[in-house]
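Since this is a predicted model, take the numbers as computed values, not measurements.
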Amino acid sequence: MIRALTTMTGLLAALILPAAALAHHGWSEYDTSKALTLTGTIKDSGYEHPHGHISLEAPGKTWQVILAPPSRMDNRGLSKEMLKLGTTVTVVGYANRGKPDEMRAERITVEGKTIELR
C-alpha cells in the first residue's frame, strides 16, 4: 500500500511540475535594452503568487505592470496596502516584447519611498 501511494505521488508530481513550469513566464520576453519610467495612477492591483501586479493608468495608455512575488515585496517594504486604487506611483522597468501594454517593474516609488523589486 505504501509503495503504491509513493508511486502515485511520484506520477502526480511528474504531471504537475511541467505544467507549473510552463505557466510561469521567462524574463527574456522583456526588452531590457530600453528602460521605461512611467508615472500614473493604480487602477487595479493584485498581491498574489507568482507575482504581484498593478494596472497603471499613465498618460496615453494603461499598462499591466508585473511586480515581484509578495514575499519579496513584503521583505523590501512594499505592503499590499501601499498598492491601493487611486495611488500615484512611478515604475521603472522593461516593456514586454510581444505584449505592448505589459511591463516588468524593476523598482516602484510609492508614497515617496522607492522599493527595488529585483
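- What you find for Met73 and Leu117 is that their closest heavy atoms are CG-CD2, 4.0 Å.
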Hey, mind stepping through Ile66 and Glu102 against side-chain contact (heavy atoms from CB on, under 4.5 Å) and telling me if it holds?
CA-CA 8 Å; Ile66 308 300; Glu102 181 180 289; 4.0 Å; yes
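- Here Arg104 contributes atom CZ and Glu29 contributes atom CD; the two are 10.0 Å apart, rounded to the nearest 0.5 Å.
- With respect to Arg107 and Glu116, a salt bridge is recorded, a charged nitrogen being found less than 4.0 Å from a carboxylate O.
- For the residue pair Arg118 and Ala68, the shortest heavy atom distance occurs at NH1-CA, 3.7 Å.
- Here Thr109 pairs with Thr114 under the side-chain hydrogen bond (donor to acceptor under 3.5 Å, both in side chains) rule; sequence neighbours left out.
- Atom-to-atom distance recorded for Asp31:CG and Leu36:CG is 8.5 Å, nearest 0.5 angstrom.
- Scanning all heavy atoms of the two residues, the minimum distance from Tyr30 to Tyr94 falls at CD2-O, 3.4 Å.
- Linking ILVMFWY side-chain heavy atoms closer than 4.5 Å, directly or via other members, places Ile115 and Leu38 in a single hydrophobic cluster.
- Atom CG of Asp44 is separated from atom NE2 of His53 by 5.0 Å, given to the nearest 0.5 angstrom.
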Output a table of donor-acceptor pairs, distance under 3.5 Å, between side-chain atoms of residues 55-63 and any protein atom two or more places apart or on a different chain; print 'none' if there are none.
from  : atom 1 : to     : atom 2 : distance (Å)
Ser55 : OG     : Gln64  : OE1    : 2.8
Ser55 : OG     : Gln64  : NE2    : 3.3
Lys61 : NZ     : Pro100 : O      : 2.4

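- Under the side-chain hydrogen bond (donor to acceptor under 3.5 Å, both in side chains) criterion, Ser71 pairs with no residue, sequence neighbours left out.
- When every heavy atom of Gly52 is checked against every heavy atom of Pro70, the shortest pair comes out as N-CD, 4.5 Å.
- None of Ile108, Leu67, Thr37 except one satisfies the side-chain contact (heavy atoms from CB on, under 4.5 Å) rule with Val91; the exception is Ile108.
- In this structure, the separation between CG on Leu83 and CD on Glu111 is 9.0 Å, given to the nearest 0.5 Å.
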